[in-house]
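In what follows, chains carry the letters A, B, and so on, assigned in the order in which the sequence lines appear, proteins first and then strands, with residues in each chain numbered from 1.
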2 protein chains.
Amino acid sequence: MKHEYVTMKGATMKEVAAHAGVALSSVSRVLNNHPDVSEAMQRQVHDAIAAVGYEPNLLASSLRRGSTETVGFIASDISNPLFAEIVLGAERRLDESGYSMVLTNSEGNPERDEAMIRLLRRRRIDGLILSVADEDRPGTIAELSKLAEPVVLIDREVSGFHTASAVFTDHSGGMRAASEHLLSLGHRRIALISGARSLRPVRERLKGFEAAFATRGLQVPEDLLRFGSFSAPFGQQATAELLALDDPPTAIISGGNLLLTGVLRALQAGQRSVGGDISLISCDDVPLAELHTPPISVVDRDAVQMGDAAASLLLDLLAGGDRPRVAEVPTHLLLRGSTQPLAVD
Amino acid sequence: MKHEYVTMKGATMKEVAAHAGVALSSVSRVLNNHPDVSEAMQRQVHDAIAAVGYEPNLLASSLRRGSTETVGFIASDISNPLFAEIVLGAERRLDESGYSMVLTNSEGNPERDEAMIRLLRRRRIDGLILSVADEDRPGTIAELSKLAEPVVLIDREVSGFHTASAVFTDHSGGMRAASEHLLSLGHRRIALISGARSLRPVRERLKGFEAAFATRGLQVPEDLLRFGSFSAPFGQQATAELLALDDPPTAIISGGNLLLTGVLRALQAGQRSVGGDISLISCDDVPLAELHTPPISVVDRDAVQMGDAAASLLLDLLAGGDRPRVAEVPTHLLLRGSTQPLAVD
DNA sequence: AACAGTACTGGTAACGTTTTCAGCAGACCA
DNA sequence: TGGTCTGCTGAAAACGTTACCAGTACTGTT
């Protein structure tokens, strides 16, 4: 038997209509379950759809309809377990409202950020959730401004772009609590390691850190501040530097969950025992923090809730919400074995 | 000059053409840098584009062109750090060839898997990379079969669907090495905890496990096999059960990096010291494994390479490669402090 | 009986692109 | 001079939908 591999280039509505012996527009009505369509027509069309193996073309549909029912999500770092939860929370919420989500990651690269915004804009997404890699980059701001669709920022404030809603974390509150706790344990030489100062979470954490010192009338140990990037290698390098100081810190705050890995590597390399030689607090409760020996105290937050909040804000704008709004999710300090009173010699 | 800030509801090529005083088709030619277009025309059109603020509509373009230059990636679990690396590897490779990637996650839910395949198909993606949650689910197979575009499976073999390329991990080799190592340390009561048996990695790991026992003429301890899901809670529950046995294991193999978290929780709760009371090997080198006390031996593999391989296979098919191919990435055993000789009483 | 409304259907013009086809210069060759 | 060729451009037909506008056949009201 000779197979005629007609590739079946995918049947269209036109062929469905022909097969059912009805008009093209009737098929469309059935598919979009328009109110005014008879039982008979319903069956006829559905049978024809099954018969020819019709598959809707969302490109054509979106083009005509003028909306894609899709929102974009640009994650700055997929490998951060926190983002996975944010994405999850957002996706569930969007699903409920019939939107689907396309996820892209910028790998923390501002240029990719820019490219992704542009790409999604050209794809005509209906809305965008993102957490830009650099709040001040002109190119990013320009791309965002060209976007007519609603935007929700996650833990970012982009200078000169005030038409977006945003969901913030109370980083300063969390960091203040963490710092106060260390101070109350007697620590004074407390180091803070975090990402680039151009990011809101970093600025906020620093604020909280400074506030804790201020309320006690103490000087912030400026020489122990290290801002670079939210990466394990930076955490490792910064920690190694700090340990090598003449007057090294007695406690370290790791402002970012990926940093923690690096910090721990450096402490291990430097033969410092966590909790014993040096106290440690990190941000975001990842398995590593919980299962480390000793377990590591963290400033935690509900990432799923963040995603949910972001999606809700976006849906609000999509539904015609006129002015941007802001949501804030709280942080809470989880105390574990890594924070101990300062040993007095 | 008075700036007329008309909101410019997105200029189209038509308006560019009008502004430049040329034909629509000429604008198109310039944009797709067609060979036959004069210098003058180039400038004229580009000026007009800048003037009216034109932005290409990829929906229309894809519809007309018949291809989206986009491949889909369905991740079964975004929160698995391994997937992040696979995605990274794939995305980089695809980028080079001018394809972009849309990422979705199925949360390990077979129904979502199915829905995502259907959605992407309707979006007319040019190809698909995925790792289905359930290899035997008829619905998934049906959805995949309806897809005319090339598919690459990651660590999965779908029964009755042989038109896809695939990238496999040498799980059986890795697991065999791990098992042999434990046997050589004197362990005989070795437990294996892994995901659902309907997944290739689980089957392969079991094969390697069994092979190691077989070559020594030993019986596989059937009562110590636990297959359920790749999740922390399952790892915890299975481990707790194993510890409660009359003749508990002296070594545990965690066949999945998310399982490890649960296994460690259960061991902690059961007051067992890793390496001392019980030896432990996990799969995939995550920070938790490296930084645990003691560090945990793992069967590792290069996840970025997996993504790269998957993308390469897909690109091959997209370029007209007629028949599906298979790539295999190796595993290697990293020995650390969690595996110790069996203590003799 | 005339009219207005209701329930349904068909035809057709968009949506914003790309691609084919034909046309028009001028150049080159014989 | 006539001819084909080459470089460039414009017009128009797709791509697969949805939405609008009529039109038809009933139903109910006065």
Going by heavy atoms in the side chains, are [X] and [Y] under 4.5 Å from each other?
X        : Y        : result
A:Phe161 : A:Val151 : yes
A:Glu107 : B:Arg92  : yes
B:Ile129 : B:Leu313 : no
A:Val22  : A:Arg29  : no

For A:Ile74, the option from A:Thr104, A:Val102, A:Ile154 that meets side-chain contact (heavy atoms from CB on, under 4.5 Å): A:Thr104
Full working for side-chain contact (heavy atoms from CB on, under 4.5 Å) between B:Tyr99 and B:Leu318: CA-CA 11 Å; B:Tyr99 281 90; B:Leu318 285 169; 3.6 Å; yes
A:Ala60 vs B:Met41, nearer the 5' end of DNA chain D by closest nucleotide: B:Met41
Within this structure, what is the [atom1]-to-[atom2] distance between [X] and [N], rounded to whole angstrom?
X        : N      : atom1 : atom2 : value
B:Ile49  : C:dT17 : CD1   : P     : 10 Å
A:Glu39  : C:dT9  : CD    : C1'   : 16 Å
B:Asn57  : C:dC15 : CG    : C1'   : 8 Å
B:Asn33  : C:dT19 : CG    : P     : 12 Å
A:Asp36  : D:dC21 : CG    : P     : 16 Å
A:Leu58  : D:dC15 : CG    : C1'   : 15 Å
A:Arg123 : C:dT17 : CZ    : P     : 15 Å
B:His34  : C:dT19 : NE2   : C1'   : 9 Å

Residues in contact with DNA chain C, drawn from residues 19-30 of chain B - heavy-atom cutoff 4.0 Å: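 Those residues are B:Leu24, B:Ser25, B:Ser28.
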Phosphate-side-chain proximity, A:Asn32 and D:dT18, N/O vs OP1/OP2 below 4.0 Å: yes
Proximity to DNA chain D (any heavy atom under 4.0 Å), residues of residues 61-69 of chain A only: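 Close to the strand are A:Ser61, A:Arg64, A:Arg65.
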Trace of the side-chain contact (heavy atoms from CB on, under 4.5 Å) decision for A:Phe230 with A:Leu199: CA-CA 10 Å; A:Phe230 283 129; A:Leu199 299 180; 3.8 Å; yes
Spacing of CE belonging to B:Met41 relative to NE2 belonging to B:His34, to within rounding of 0.5 Å: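 Separation between the atoms: 12.0 Å.
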Sugar-phosphate, base or nothing in reach of B:Gln44, heavy atoms under 4.0 Å: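 No contact at all - B:Gln44 keeps every heavy atom at 4.0 Å or more from the nucleic acid.
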Side-chain donor-acceptor contact under 3.5 Å, B:Ser100 with A:Arg123: yes
